[in-house]
Structures are given as structure tokens and as C-alpha cells.
Amino acid sequence: MIKKGYKMKNKRKLKVLFVHACDALSEVENRYPPLWPAYLAAHARKHLPDGNLDFRFCRSSEPEVLQRYKPDIVGISSVTQHYNQAVEYARLAARSGCTVIQGGIHITSIPSSLSDDMSVGCIGEGEETFTELLAAWLENGFFSPGRLSGIDGIVYRDNGLLVQTSDRRPLESLDDEPFPDRTLTGYGYRGYLYTARGCQYRCVFCICARYWGIIRYSSAGRVVNEIAHLIENGVKVIRFADENFIGNRKRLREIHDLVRARELHKKVKFSCWGRANNIDQEVVDLLSGMNVVSIKMGLESGSQKILDYLKGNVTIADNERAVILLKDAGIQVNGDFIIGTPEETEEDILKTYHFIKRMPLDFIDVNIFTAYPGTPVWEDALRSGIVHDNMDWSLINIKLHENSDRCIILSRKVAAGKIWKYYRQLRRLRFWKMVRALPWSPWRNELPGVAWKRLREKTGRLFRKSSAGLFTCEIQSAEADLFIEKKSKEIS
Ligand code: B12
């Protein structure tokens, strides 16, 4: 933590541009503004002299902001499948004379993927590390290896060699953190809260428990104050993005009681993620009592064998019971499913198909079993030589229809062509389920807007395919010209 009497040699305002690597076309990816810049900015403002800091936010599809804003530091965040974009943005930023800090899930999972244009990678939780980095930069106007070596939780290069410092200790209390500064990204109609860091379960494909370490919860009081804050700022729909919002029963009861005592359930609709084996009548009553109108569960498979491999501690019967209890309470139930696990047979996939068909699910999503860095699945795929630490990251995509011609299939039992066939079959089922559920959807008022954005996304993707990834931007600088020249060469 930075000391109160901290002195800066550099008196000029430090300009920081936060860049979110994403698919600008994707409706889902852009439905909620990201939280990471809001957390980082709020923590830095609390611990550094505020007058010296200036923050901006943009997406990786907006390289022109570099020229307009002329930041000193560019902080980029990226999931694995968009890491190529992060690398491109870092290259542009470095050529414009900016210092680049890379953070987020991908660089944390594979620190060696720090590109030459990235000065520092932030490993794991970012609030304290980022603030210390800004403090170091403010002292000299650059990062010296000597100064960096004293900062925990980072990776950087010293004389061409990659250096990783000691692990950063997790924040002790999430309640001591200020509210994320959402003014940076805008509040909007929908907002999301992330009320716990970590997860008590260890699904084989998921990084979360491994990423955040020991599970930490914000208190019910803090959660409800943040809900009230969002409502004051015009947010009408709030999603709890925690992996398992219902994992801590005592806290769920407290949140429910506080929401009702402050009558917040009359002002906003909630949705959340939850695990089926944590759902019983009490949980359903609590959710419905606080106006949670929709829940998403990773139901994953209709085959017990596959469910055991993917999650452990959940049975098909748990999944069925949870769906029925929630539906009986009038809560919209959405399920996520996975196909293409290594030992899954066609018979297992068909069990999933029939499970979805017979259950009264409103919406479903089908994903291809994908190896994400840092998970046991990644380690297996690495040993088999299917993935490696220096690959084309855009191949790591759970949506088969977005990358059907270049998807990595991990199945050992079902050929890629068959997986594609079942995927399309399941997506057709998804479509018909959705059509049936739409008239009763708690989100039906928003549907025209979403449909319009999806249509734009679809036409955009068609155009993108036909122009073979043509990159359009309006920056005028020499650096940008270089970048565009390179892109044009790639395309031709
Ligand atoms: C909410 C969420 C979403 C939401 C909102 C995302 C958004 N707009 O930002 C939606 C539904 C849109 C979404 C979409 C996707 N998501 Co998502 N998502 C999450 C979830 C559950 C929480 C993310 C979050 O906000 N956390 C809270 C903030 C504060 O944490 P954070 O982002 O990690 O940031 C902290 C640190 O990482 C660090 N940090 C992060 N960035 C930076 C940058 C700098 C410069 C520094 C210094 C530090 C730093 O500091 C922050 C504060 O401590 C995570 C799982 C998880 N528990 O993290 C998955 C997760 C990130 N998503 C994942 C995936 C795969 C996706 C999609 C690709 C899915 C898809 N195919 O559509 C897209 C990609 C979207 C994108 N461009 O990022 C995976 C990523 C795995 C990987 N290795 O790539 C995760 C880890 C889920 C999982 N179980 O595997 N997601």
C-alpha cells in the first residue's frame, strides 16, 4: 500500500488509457462495460494524490484514441482468445511512445506471453500492484528494472530476460475497497456486480478458483450499498457475475433481507449464476424474494460420466431438481452445456440433447470443450501437444460457429465433423427453446434492442469474413500507417 506522505518528483498529470481487448462486433461481450478499469482507477485514486491522475477507457477496436488522448501509460486487459489484439494494441502504443502494462487472465496464466512492446505484466489481482506501478512511474517518468524488482506480482524484462517477482498477497478485505469507478465506462441500463473473488469448486475447465486463490466475499452490507449506488445512477438490471452467487447461504439470506428492507427489489431486476447442487427451496425463495428473475447454471451434460469429469459433486438429479424448483417459482432458467470432452461418446452427446429437450429450460448455450490456460484441461492438452504457450490465441474459442474451420477439438472419441453436426443440432434446439420462451421472458421489453444488435453483429461478421479480417481505423500517424501496412500485407 502507498504511504500517505508519498511524494512525487514528476508534477505533470499522469494520463492512463485502459484498453479492453474484445470483439467489437459481439453483442454479448459488449452488453456490460468491464469492471477491471473501474476497480483499478478507484483504488489508485484512493491511494495516490488524485489530482495527478487522469484515466480514460476504450476498446481494442479504437486505436485512434491513442492519437487523440496521448496517454503516458496504456493498461491493457485481455482474455486468451483476444490476446492477439492486446499484442497489436501494445505494439501501436509502444510505437506512440507509451509505456504498456498488460493485465488480466491471460497474462496471469501465461506470463511468458509478455510481448516485447509490453513493459510490465500484472499477475493476478491488480489493485495494489497497479497503484504501486503508477507510483513508481510517477517518481521517474519511466520504469527502471531496479525499481520494478521491488514490486510484487509482476513480470518484466531485464536485459532481455523475463523476471517474475514474488506473488502478490490477495487483498485482505474486499469491503475496504472503494466502489469501482464506473464513471470511466459509463453506468448504462444494465450493470454487473462481482461480489466475491474465487470459488469453492474446482471445475476442470475453469480458472476462477485457481486465479483468485482463497475465496473472499464482500459483506452483504457492502453488496447492498453497491446495488443502491447503481440504482441511484440509473441502472435498471443488475447481474451478479460471481461464479456461484448462492454459494454462501448465510450471506444470501442477509443480502435478501437488506434488499427487501430497503425496498430495492422494487426498483431493479436481478440475474445471477448459481450451482445446481446449492439450490433448494429456501434458496429459490430467497432469490425470488429479492427479485432475481433469471438464473444461469452450468448444467454441462446429460451424461453422469461427463458431469463427474467436468465438475464433481453434482448429479443429473441435482440439475433436474434445481431446474424444476426454479421454474415452479417463476424464475427464468438458463443452462450452459459443453460438448467435445475427451472421453465423451456420441451416446453421451445424445444424452445431453435429450436432457435439454425434456427439461423446461428457457435458454441454453452450447459450448465446445476448450482448454483455457491455467486449468487442468490446458495441462492435459499441453502434454498431448495440442496447444502450446506460444500459439495463435484466437484458436481458443468456446463458440464453434465463430471458428468452425479452425477450432481445437479435444475429443478422443468423436470426429470433428460429427462434433460440428451435433453442435448445429443443439443450436437448432437452442433456437426453438428460445422462440418458445420469448413471450414469457422477463427481458422481453429489451428484446427489440438486443435483436437489432445481434443483426448488426451477424452482418458485421459476414462482412468481416468477406473482407478477410480487413482492419479499418482512422488514425493518421506514421505508426498507424506502419500498422495498416502490415495488416494489408497479411491480407494480401
Ligand atoms: C463477468 C464476466 C464476463 C462478462 C463481462 C465481461 C466484461 N465486459 O468485462 C461477459 C458475459 C460479457 C463475458 C464475456 C466473455 N468472457 Co468472461 N468472465 C466474466 C467473469 C465471471 C468475471 C470478470 C470480472 O469482471 N471480474 C471482476 C474484475 C475486477 O476482475 P478481472 O477482470 O479479472 O480484473 C482484475 C485482475 O485480473 C486485474 N486486471 C485485469 N485487467 C487488468 C489490466 C491491467 C492493466 C492491470 C494492471 C490489472 C488487470 O486487476 C483486476 C482487479 O483485481 C470472469 C471469471 C472471473 N472470475 O474472473 C469470466 C472470464 C474472464 N470470461 C471468460 C471468457 C472465456 C469470456 C468470453 C471469451 C466468452 C465468450 N466466448 O463469449 C467473453 C470475452 C469477453 C471479453 N472481451 O473479455 C474466461 C476467460 C478465460 C481465458 N483464459 O480466456 C473467464 C475467466 C471465465 C472462466 N471461467 O474461464 N465475461
Side-chain angles (χ1 to χ4, degrees), residues 16-24 26-44 59-61 73-83 85-86 90 99-110 113 118-134 151 153-154 168 170-171 174 177 180 185 188 190-199 201 203 205-212 215 239-245 271 273 296 298 336 365 367-368 370-375 377-378 393-394 396-403:
V16 180
L17 176 64
F18 292 117
V19 181
H20 187 58
C22 62
D23 177 354
S26 164
E27 187 273 322
V28 173
E29 283 193 33
N30 293 290
R31 200 178 281 176
Y32 300 86
L35 273 182
W36 64 269
Y39 272 105
L40 296 183
H43 186 94
R59 294 182 167 79
S60 51
S61 53
I73 292 183
V74 171
I76 310 176
S77 185
S78 179
V79 296
T80 297
Q81 77 182 48
H82 297 319
Y83 196 67
Q85 276 151 260
T99 300
V100 179
I101 307 176
Q102 179 66 37
I105 204 97
H106 180 77
I107 191 72
T108 300
S109 311
I110 308 189
S113 61
M118 298 167 178
S119 302
V120 184
C122 168
I123 308 299
E125 194 156 59
E127 283 84 349
E128 290 187 340
T129 309
F130 181 66
T131 299
E132 285 184 25
L133 283 168
L134 293 194
I151 298 179
I154 59 169
R168 164 76 49 187
L171 290 171
L174 297 182
E177 289 305 301
T185 51
R190 294 155 175 270
Y192 81 96
L193 292 185
Y194 195 59
T195 74
R197 294 192 178 176
C199 179
Y201 297 102
C203 300
F205 51 83
C206 179
I207 182 92
C208 295
R210 298 154 184 109
Y211 186 73
W212 293 109
I215 185 161
R239 168 168 170 177
F240 298 106
D242 313 33
E243 283 65 40
N244 187 19
F245 178 64
S271 67
W273 276 86
K296 195 166 199 190
D336 259 2
D365 230 333
N367 299 312
I368 285 297
T370 299
Y372 280 117
T375 63
V377 184
W378 178 263
W393 300 114
S394 65
I396 306 293
N397 187 338
I398 53 178
K399 304 279 177 213
L400 188 47
H401 59 285
E402 284 175 12
N403 61 343

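Read the numbers this way: they start at 1 and go in the same order the structure lists the ligands and their atoms.
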Quick one: which ligand 1 atoms are inside 4.0 Å of a heavy atom on [X]?
X	value
E127	52 (C), 53 (O)
Q81	68 (C), 71 (N)
I207	86 (C), 90 (O)
C22	77 (N)
Y32	8 (N)
W212	30 (O), 33 (O), 35 (C), 56 (C), 57 (N), 58 (O)
E125	53 (O)
C122	47 (C), 48 (C)

Is there any N or O on [X] that sits under 3.5 Å from an N or O of ligand 1?
X	answer
D23	no
R239	no
K399	no

Below 4.0 Å from any atom of ligand 1, is there a heavy atom belonging to [X]?
X	answer
H82	yes
E402	no
S26	no
H106	no
G124	yes
S109	no

Nearest heavy atom to [atom]: which of [options] does it belong to?
atom	options	result
atom 24 (C) of ligand 1	Y192, F205, W36	Y192
atom 37 (O) of ligand 1	Y39, Y211, W378	Y211
atom 80 (C) of ligand 1	V19, I154, T370, V79	V79
atom 39 (N) of ligand 1	G126, G75, G104	G104

Open item on the list: If we set the cut-off at 4.0 Å for heavy atoms, which region of I105 has an atom near ligand 1: side chain, backbone, both, or neither?
Closed with: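 It is the side chain that touches ligand 1; the backbone stays farther off.
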Task: Location of contacts on C208 toward ligand 1, heavy atoms closer than 4.0 Å - done: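 Just the side chain.
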Quick one: does [atom] have a protein heavy atom under 4.0 Å from it?
atom	answer
atom 42 (C) of ligand 1	yes
atom 55 (C) of ligand 1	yes
atom 1 (C) of ligand 1	yes
atom 4 (C) of ligand 1	no
atom 85 (C) of ligand 1	no

Task: Whether E125 side chain and L171 backbone form a donor-acceptor pair below 3.5 Å - done: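 Here the side-chain-to-backbone pair exists.
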Task: Sidechain-backbone polar pair: N30 side chain, D23 backbone, donor-acceptor under 3.5 Å - done: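 Such a contact is found between N30 side chain and D23 backbone.
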Return the [atom1] to [atom2] distance between [X] and [Y], rounded to the nearest 0.5 Å.
X	Y	atom1	atom2	result
W393	Y83	CH2	OH	9.0 Å
L40	L133	CG	CG	10.5 Å
I110	T80	CD1	OG1	6.5 Å

TODO: Inspect the contact between R197 and E177 and indicate whether a charged nitrogen and a carboxylate oxygen are less than 4.0 angstrom apart.
DONE: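 No, no charged N to carboxylate O under 4.0 Å.
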Task: Quiz item: cation-pi between R210 and Y372, 6.0 Å / 45° - done: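 No, a cation-pi geometry is absent between R210 and Y372.
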Open item on the list: When you compare the side chain of W36 with that of H20, does any pair of heavy atoms fall below 4.5 Å?
Closed with: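 They are in contact (side-chain heavy atoms under 4.5 Å apart), so the answer is yes.
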Task: atom 12 (C) of ligand 1: nearest protein contact (heavy atom, Å) - done: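 Among all protein heavy atoms, the one nearest atom 12 (C) of ligand 1 is V28 O, 3.4 Å.
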- [ ] Determine whether the side chains of E128 and H43 contain a donor N or O and an acceptor N or O closer than 3.5 Å.
- [x]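 Looking only at side-chain atoms, H43 and E128 do not form any donor-acceptor pair under 3.5 Å.
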